[in-house]
Amino acid sequence: MSWWLLRTLAAALAALAGALLGQWLLGGTGPLPHTGPALGAGLAVTVLVAVDSLKGRRLMRWLRGSQEAPAPRGRGYWGEMGYRIERVLRLRERELERERGRLEQFLSGIEASPNGVLMLDANDQIDWCNSVAADHFGLDPVRDRRQRVTNLIRSPAFVSHLQAGRFEQPVVLASPLGRATLSVLVRPYGEGAKLVLSQDITEHERADGMRRDFVANVSHEIRTPLTVLSGFVESMASLPLSEAERQRVLQLMRQQTERMQTLVGDLLTLAQLEGSPRPAPDRWTAMDMLLQRLHADAVSLSAGRHVIRFEVEPGYEVAGNPSELASAITNLVTNAVRYTPEEGRIELAWRVRPDQSGELEVRDTGIGIAREHIPRLTERFYRVDGSRSRETGGTGLGLSIVKHVVQRHGGELVVESELGRGSCFRLLLPAPRVRRVRQSADQRASFASEF
Ligand code: ADP
């Protein structure tokens, strides 16, 4: 039965009961013939309305409050109304909570993005930004909300890009503190709102610059001997040369060709180092044998102009690529020979440190290197003295190769040098790549006699 019918019935019953009670108590004693029943019925309905109002007031008070406590319950109409209102409210609250959670998850997803995200409303005022965008543009995500973005990001490139309204291409600008280069892409969405995406492209730009420099350097390095060669070819073709002159020109041409060959060889070595996987940690190379071979090379390269000493702790192996290791050590020894004047000393030492890491040291008493050049020595084509390097057959790539090799073996290159006094280059190899092997007495003896 519906509630209105029940309540009408209850009111009618109350009125009837009141009328009967009035008739019984007062009878027809009033000035009018039905005063008793009328008073009784009126009183009963008034009591019913008063009880109803009280219950309604309790519910209204709960509705006006925070609705944290349960709604006033009870039997009947008001009880059910309280229960149903509370149920709808709780459902809405749960829905809202779920939506809030979803929004927080979404925002924390954007927050985790490596790129900056800035949301602008239709008036270009900041709605929200993640911390990367705040860092890129020097914004405060809380303080700067509702601020016009062009009042805060004043870069002319950005302002005119935003005003032009053509957002197909990103715009490149410097971050406000000038520490980074940013690529900024604007994407319109919704009703006039905009999404501003920023990406730090400093590294990318630097790598691009390095690539451009590298190509320019390689072209320059190859063009120089080529120009010399073509000059000689021209001379040989047009001038009547004596046999002695011809031999001299041919000798110079051979030198230039060798220079180009060395350069191309070093470039290929670098490309191979960059393009191949790291050397296996379980391919072991005996340092004794390797250094024995390199000792012979150093002696022949020096041709008696230097005092050369190799001091090798015997019985150790290094995990890695033997030809890469040989190439790195050869570069260091060749440099020592090339940059040490006659009568100078060149010492190579291989030792294992107490922490089991390996140390290969090449020390010379040569021309040395001024302190400001040391951090740049391993850059490609970096030379302290270009003409001396070229005269002695240098390509400017040797130390770059050494650094690559040692890094691929998990180690590092340490350089110490003093101008006019000499240099010391150290290759440090981590302990897991160094192991001791047992040696027979025969091997030790033959090894000692070789050095
Ligand atoms: P290069 O082929 O010019 O020797 P490297 O990369 O091997 O190129 O070395 C870079 C520069 O470092 C050299 O041009 C030289 O100026 C300097 N250098 C390298 N080794 C030594 C050394 N043992 N003594 C003095 N200078 C050195």
Side-chain angles (χ1 to χ4, degrees), residues 210 213-214 216-218 220-225 255-274 294-295 297-299 301-303 305-310 324-350 359-408 412-428:
M210 276 172 67
D213 286 354
F214 181 67
N217 276 322
V218 171
H220 175 75
E221 294 289 334
I222 289 182
R223 200 176 51 194
T224 314
Q255 270 176 14
Q256 296 303 324
T257 322
E258 275 167 13
R259 191 173 149 189
M260 279 202 292
Q261 270 170 344
T262 318
L263 177 68
V264 172
D266 277 0
L267 285 171
L268 284 175
T269 306
L270 265 180
Q272 212 168 8
L273 288 174
E274 281 176 349
L294 300 186
H295 179 253
D297 292 348
V299 170
L301 188 70
S302 160
R305 287 172 294 139
H306 308 94
V307 179
I308 296 181
R309 239 176 82 86
F310 271 42
E324 284 184 24
L325 290 168
S327 152
I329 302 168
T330 303
N331 267 306
L332 293 182
V333 174
T334 310
N335 277 353
V337 171
R338 286 167 45 220
Y339 298 108
T340 303
E342 277 187 33
E343 313 275 289
R345 283 177 70 83
I346 294 167
E347 289 171 6
L348 181 146
W350 161 250
E359 178 183 293
L360 186 124
E361 184 181 281
V362 179
R363 189 181 280 278
D364 64 56
T365 56
I367 58 172
I369 306 160
R371 191 198 303 237
E372 66 270 23
H373 295 291
I374 293 179
R376 301 195 58 191
L377 290 181
T378 53
E379 284 176 23
R380 290 162 188 193
F381 296 112
Y382 189 82
R383 293 161 162 124
V384 177
D385 177 350
S387 55
R388 183 175 179 134
S389 158
R390 286 187 191 92
E391 266 167 36
T392 53
T395 59
L397 295 173
L399 290 180
S400 187
I401 292 174
V402 175
K403 188 179 113 178
H404 261 81
V405 169
V406 73
Q407 280 182 347
R408 283 162 56 78
E412 62 173 318
L413 169 69
V414 179
V415 184
E416 283 166 18
S417 188
E418 210 180 315
L419 198 58
R421 297 188 73 101
S423 312
C424 173
F425 291 80
R426 261 189 221 110
L427 298 187
L428 305 178

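Just so you know, residue 1 is the first one in the sequence shown, and it goes up from there. What you see is a predicted model; the values in this text were computed from it and never measured. Ligands are counted one by one from 1 in listed order, and the atoms in each one are counted from 1 as well.
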When rounded to the nearest 0.5 angstrom, what is the spacing between [atom1] in [X] and [atom2] in [Y]?
X    : Y    : atom1 : atom2 : result
T378 : L397 : OG1   : CG    : 11.5 Å
L399 : I374 : CG    : CD1   : 11.0 Å
L427 : E359 : CG    : CD    : 9.5 Å
L377 : F425 : CG    : CZ    : 6.0 Å
M210 : N217 : CE    : CG    : 11.0 Å

So if I count the atoms of ligand 1 from 1 in the order they appear, which ones are less than 4.0 Å from some heavy atom of [X]?
X    : answer
I369 : 18 (N), 25 (C), 26 (N), 27 (C)
G394 : 2 (O)
T395 : 2 (O)
G396 : 1 (P), 2 (O), 3 (O), 6 (O), 8 (O)
R383 : 3 (O), 14 (O)
L377 : 12 (O)
S389 : 1 (P), 2 (O), 3 (O), 14 (O)

### Query
F310 vs H295 aromatic rings, parallel, tilted or perpendicular, using cut-offs 30° and 60°?
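Answer is perpendicular, since the angle exceeds 60°.
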Where on [X] is there a heavy atom closer than 4.0 Å to ligand 1, on the side chain, on the backbone, on both, or on neither?
X    : answer
Y382 : backbone
V384 : both
R338 : side chain
L332 : neither

### Query
Taking only residues two or more places apart in sequence, or in another chain, which ones meet R388 in a salt bridge (Lys or Arg N to Asp or Glu O under 4.0 Å)?
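R388 satisfies salt bridge (Lys or Arg N to Asp or Glu O under 4.0 Å) with no residue once adjacent residues are dropped.
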### Query
Side chains of I367 and V384: does their closest heavy-atom pair fall under 4.5 Å?
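I367 vs V384: side chains apart.
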Among protein heavy atoms, which sits nearest to [atom], and what does the distance come to when rounded to 0.1 Å?
atom                    : result
atom 23 (N) of ligand 1 : D364 OD2, 2.9 Å
atom 7 (O) of ligand 1  : N335 ND2, 2.8 Å
atom 13 (C) of ligand 1 : Y339 OH, 3.4 Å
atom 6 (O) of ligand 1  : L399 N, 2.8 Å

#### Entry: Sequence neighbours excluded, every pair satisfying side-chain hydrogen bond (donor to acceptor under 3.5 Å, both in side chains) that has a member inside residues 256-267
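Output for this query lists D266-T395.
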### Query
If you count the non-hydrogen atoms of other residues, nucleotides and ligands that lie under 6.0 Å from CD in Q407, is the total more than 12?
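Count over threshold, so yes.
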### Task
For E274, look at atom CD and say whether over 12 heavy atoms of other residues, nucleotides or ligands are found less than 6.0 Å away.
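Check passes, neighbour count above 12.
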### Query
Hey, does G368 come in under 3.5 Å of ligand 1, counting only N/O atoms on both sides?
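No - when backbone and side-chain N and O of G368 are compared with those of ligand 1, no distance drops under 3.5 Å.
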### Query
Would S423 count as a contact of ligand 1 if the rule is a heavy atom under 4.0 Å away?
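Yes, S423 has heavy atoms under 4.0 Å from ligand 1.
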### Message
Measuring from non-hydrogen atoms of N331 to any atom of ligand 1, is the shortest distance under 4.0 Å?
### Response
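No, that is not the case, since the closest heavy atom of the residue is not under 4.0 Å from the ligand.
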